[in-house]
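See structure below.
Just so it is clear, the values below take in all heavy atoms, side chains as well, and ignore hydrogens, waters and symmetry mates. Keep in mind that what you see is a predicted model, and the values were worked out from it rather than measured.
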Amino acid sequence: PSAPLPAGRAKDSADAEDDIITRHIGLLQGEIDRMDGLIGQILLFSRLDLKEHPLQLSPCRVDSLLAEVAQSFAQVLNARDLSLTSNIEELPVVRMDVDALTVALENILDNAVKYAAPGGQVVVRAKLAAPEPATSKKNDKQNLADLRLRLEICNTAPPMTPEELEGVLKPFYRGGQKAAPGSGLGLPISKKIIEGHSGKLIITNDAPGFCVVIELPQKTPGHESPQA
């Protein structure tokens, strides 16, 4: 029979086995969390697609919300050596589904951070966007009411092909970024949420990188915006 291991070596062997088990458990837990998140995104997208996710509107400062969401990425930005530039103007209080809009902004910012070139930049902007200049006092009031909330989230990313740009809003599309983590549902979910508020989500890929533009009305049809 084999001689028993000395007490010190036996303890080292047991500690090594514990470390291996702990690493495997950590990997399994990470995979479970990833799958749980993916299932949650699929269910949310399905509910939005079937219009089974009614908006829960409440007064919202979209400028403050955008600033808070951007700030929540500070640690990730620092880890990737990315700088954040904000140019967020004060916006009127409007009625939005705050939770849903938060999800949309988080998805878009996560995408901007994930695909920005290391050492690059993420830019967030917000302002009221006027249609055409008013030509009379009568039109001044109408145009003031028609001003839209315009949010821009951009990064310094390598150029995309026309095919990739066309596909990024399609569910599960990964394009040339299959190695990066993600489900391919973030931007499609954000688009559904923005459209649910009667807004628009537009993507561009002009220099210096990828940009998502959100336009939201001051009033979601059927609901009056609160007075600030």
Sole candidate of Leu109, Ile108, Leu151 that passes side-chain contact (heavy atoms from CB on, under 4.5 Å) when paired with Val124: Leu109

Hydrophobic cluster identity match, Met160 and Val122, side-chain contacts under 4.5 Å: yes

Rounded distance [0.5 Å steps], OG1 in Thr156 versus CZ in Phe210: 13.0 Å

Pairwise side-chain contact, Ile153 with Leu105, heavy-atom cut-off 4.5 Å (strictly under): yes

Asp81 side chain reached by Pro118 side chain, heavy atoms, under 4.5 Å: no

Hydrophobic cluster membership, Leu101 vs Val213, 4.5 Å side-chain cutoff: no

Interatomic distance, Arg150 atom CZ to Ile214 atom CD1 [nearest 0.5 angstrom]: 10.5 Å

CD/Glu166: more than 12 non-hydrogen atoms of other groups inside 6.0 Å: no

Distance (rounded to the nearest 0.5 Å) between Ile194 CD1 and Ile189 CD1: 12.5 Å

Approximate separation, where rounding is to 0.5 Å, of Leu55 CG and Asp99 CG: 11.5 Å

Distance-minimising heavy-atom pair for Asn155 and Tyr115: ND2-C, 3.7 Å

Shared hydrophobic cluster for Val168 and Val113 (ILVMFWY, side-chain gaps under 4.5 Å): yes

With sequence neighbours excluded, residues passing salt bridge (charged side-chain N to carboxylate O under 4.0 Å, His left out) with Glu106: none

Nearest-0.5 Å distance, CD of residue Glu89 to CG of residue Asn87: 6.0 Å

Least distance between heavy atoms, Pro158 atom then Asn205 atom: O-ND2, 4.3 Å

Leu128 side chain near Pro92 side chain, heavy-atom distance below 4.5 Å: yes

May I have the list of side-chain donor-acceptor pairs in residues 57-76 shorter than 3.5 Å, sequence neighbours left out?
| from | atom 1 | to | atom 2 | distance (Å) |
| --- | --- | --- | --- | --- |
| Arg61 | NE | Asp63 | OD1 | 3.2 |
| Arg61 | NE | Leu91 | O | 3.3 |
| Arg61 | NH2 | Asp63 | OD2 | 2.8 |
| Asp63 | OD2 | Leu91 | N | 3.1 |
| Ser72 | OG | Val69 | O | 2.5 |

Considering all heavy atoms, the nearest Met96-Pro217 contact: CE-O, 3.7 Å

Closest approach of Arg148 to Ser198 (non-hydrogen atoms, all atoms of both residues): NH2-O, 3.6 Å

Side-chain heavy-atom pair Leu169, Leu201 within 4.5 angstrom cut-off: yes

Side-chain touch Asp97/His197, heavy atoms, less than 4.5 angstrom: yes

Nearest heavy atoms of Arg80 and Lys114, plus distance in Å: NH2-O, 3.5 Å

Shortest non-hydrogen contact from Gln121 toward Leu82: N-CD2, 4.2 Å

NZ on Lys170 to CG on Leu185, rounded to 0.5 Å: 14.5 Å

